[in-house]
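Because only heavy atoms are used, hydrogens play no part in the values below, and waters and symmetry mates are left out as well, while side chains stay in. Sequence lines set the chain letters: A, B, ... in the order given, protein chains first and strands last, and positions in each chain run from 1.
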2 protein chains.
Amino acid sequence: MELTERKKKVLRGVVDLYIRTAEPVGSKAIAELPDMNFSSATIRNEMADLTAMGYLEQPHTSAGRIPSAAGYRLYVDELMADYRLSMDETRSINSAIEEKMARVDKMVEKVAKLVSQATNLPAISAASRAGGATVKRFDLILAGQGSFILVLLLSTDEVVNKLIKLPLNITETDLKLLAAVCNATLTGLTPDDITPELLDKIMTSAGTSASLVPVIVEFTNDTLRHHGSTNMVVTGQQRLLGLPEYRDVDKAMTVMTSLDEDSLSGLPAVMMNENGTKVLVGPENVAQELKDSSVVMTKFDIGDGLQGMIGVVGPTRMDYAKVTARLSYFAESLSKLFAKPEQAKLPEATEEKQ
Amino acid sequence: MELTERKKKVLRGVVDLYIRTAEPVGSKAIAELPDMNFSSATIRNEMADLTAMGYLEQPHTSAGRIPSAAGYRLYVDELMADYRLSMDETRSINSAIEEKMARVDKMVEKVAKLVSQATNLPAISAASRAGGATVKRFDLILAGQGSFILVLLLSTDEVVNKLIKLPLNITETDLKLLAAVCNATLTGLTPDDITPELLDKIMTSAGTSASLVPVIVEFTNDTLRHHGSTNMVVTGQQRLLGLPEYRDVDKAMTVMTSLDEDSLSGLPAVMMNENGTKVLVGPENVAQELKDSSVVMTKFDIGDGLQGMIGVVGPTRMDYAKVTARLSYFAESLSKLFAKPEQAKLPEATEEKQ
DNA sequence: TTTTAGCACTCAACGTCCCTGAGTGCTAAG
DNA sequence: CTTAGCACTCAGGGACGTTGAGTGCTAAAA
């Protein structure tokens, strides 16, 4: 059977209405739509066809139709109208974003809250490193009797440090030597490059302070390995409860539990390989618990080799047009915010803190 | 009217049963309790008295009794039996805790999840600094053309750093001088001590690199000011939905919203001034939204001048004995964990990362 | 051939009514 | 002071009928 223009129009009408009302949509309601110059009987035939084609479903014989997952998919891909953000919306998003987002982890939390608020849905926000880093430079600073600070300057221009206390006496000369050795041998290496043999070699060249080498190497390894780790926040889960499809507490709990757990931890990774805004409708979700829910997500640039990701989870009946519009706008604004050199008074500074 | 021993026994019975069943408790059920050698009629009289005294309530005339807030209060303070953790419980808590808790913020998140799991209730976890910190030592490391790393060693032995890039040429000598000036003038100061006049004085003594001073001072101020800030996580909210009192979706949403928002941000502060485990029953909660819920919380030591706090939120009908027992054990174990010098291979090291 | 009016049919949702049973308070006897 | 007995209350749940939105099909109209 062919998907005529009229069928598409009917389908769009059904999805639009169902998104608004959460009630099965009948032929009469569609017939009464403006621009729909046919009687309910005609619509009825079209709807029967659409049902046969798998785009609509019927909860029971004497009820209206609701979109199937395939119906939503078609809607998202082809039918939905562009949603244009109102001035009010852009303004409120902007003013929310403009607040200072100091530390990355606080930023992730903040963004999640904002997105959740803007969409009235649970939101996910995450930040992760683009790729593996290496150490560009080692520094060792004496910090009093038997303690020194290890400072790593990474290839991403981040700085990481650790205060190390030892039951040993360390001299400035020891540290200078050690730093030189490390800089000579360990810079530019990934954790995998650091073999036990290499470690041995370094320890012999370190001479008297050989015992410090393992501590330094261990911390370096640790830092590089955990470097790509994702920072993720989920918030606003309770917003689901306001929606009719989650009045069924068990259903709500299932979805919320899957949000709370680490089952979502795959999402940011999925997103990183995609471009633009991605919509996962119902069963397209990998997680079984989300088979009746949809996910909309998009990514943005943070700078400093960081990638951000925001997304929301909601009923398959969510207002895709509005949600994708808001999410995209959010992502755009955030990218811009981080791209523009912070209007520091004098210098341009990259922050890396605690 | 006097609160006789028998009345207390009846009250304890009612609370215990109600905690187990979430159903109003009738006189017959109490009469059938072991150790309760009276007929239901007698119990009925006692229950009528307890109702008059405000310890019990009656949902409607032909229903059993449920404890009032005052009833719970009395129960928590005097009546409840000590709950002894089983070997299984202590073992599972221990093994959960033993996992490495690297960074403080990750630790807070982890602990929240564990507590929520152990109690099957939403949990709050927070960490915050005990008091203000000062800078013990400044270091400036040249990191290539026009950029250097500022390293602050704080009085708490934490290390904080920032990579600063400037459109200027900086020499090693400049930095040495600057570091000396900062160490001479800024160490041991709180943000409030740093007046504009002092800033002026430092800038003049800094000579050619005067323009760097404001950047350094700003970052220092920022660091010290944000030092005491609390790090808080709430998790497991969906667990409420499993409890009969929150089958009413609206009620659940109210409570969960108040958990999600920053209305809880006062709690950690409240706790810091208390000792031991604190129970807030229903209306004793400041937040109006929690008037039908209870909060149990306790604190623990993290070391490095950090204080931790864990708590759970649940229905007033929660199993106070079990929850307080588990929470206290958690707190104890965590304190121990952080107190014991990490069994590092060679040295004893304090970690401060990223 | 396509559209539409008409009609019989279906069925969830809702309200009404009644019954059941748990639990109560009171009274009078033990 | 305790308890057996009894009349009373009332939420919860099942049975039943009504309502109305929506359907599919057919036959006439365009």
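Defined by atom type and a distance below 3.5 Å, a donor-acceptor pair is missing between the side-chain atoms of D319(B) and Y83(B).
Remark: C1' of dA21(D) and CD of E23(A) are 11 Å apart, rounded to the nearest angstrom. Atom pair D49(A):CG and dT2(C):P shows a separation of 12 Å (rounding to whole Å applied). Atom CG of N45(A) and atom C1' of dG24(D) are 9 Å apart (whole Å). The nearest whole Å value for the distance from the CD atom in E46(B) to the C1' atom in dC1(D) is 11 Å. Atom pair R44(B):CZ and dA22(C):C1' shows a separation of 11 Å (rounding to whole Å applied). When the P atom of dT24(C) is taken as reference, atom CD of E57(B) falls 15 Å away, rounded to whole Å.
For F38(B), counting side-chain heavy atoms from C-beta on, the closest listed nucleotide (dT2(D), dC11(C), dC10(D)) is dT2(D). Side-chain proximity of S62(B) to the nucleotides dT24(C), dT2(D), dC10(D) is greatest for dC10(D).
Using a 4.0 Å heavy-atom distance criterion, S40(B) is classed as making no nucleic acid contact. The residue A63(A) sits close only to the backbone: its heavy atoms come under 4.0 Å of sugar-phosphate atoms, none of a base.
Sorted by first and then second residue, the salt bridge (charged side-chain N to carboxylate O under 4.0 Å, His left out) pairs involving residues 54-73 of chain B (not counting sequence neighbours) are R73(B)-D77(B), R73(B)-E284(B).
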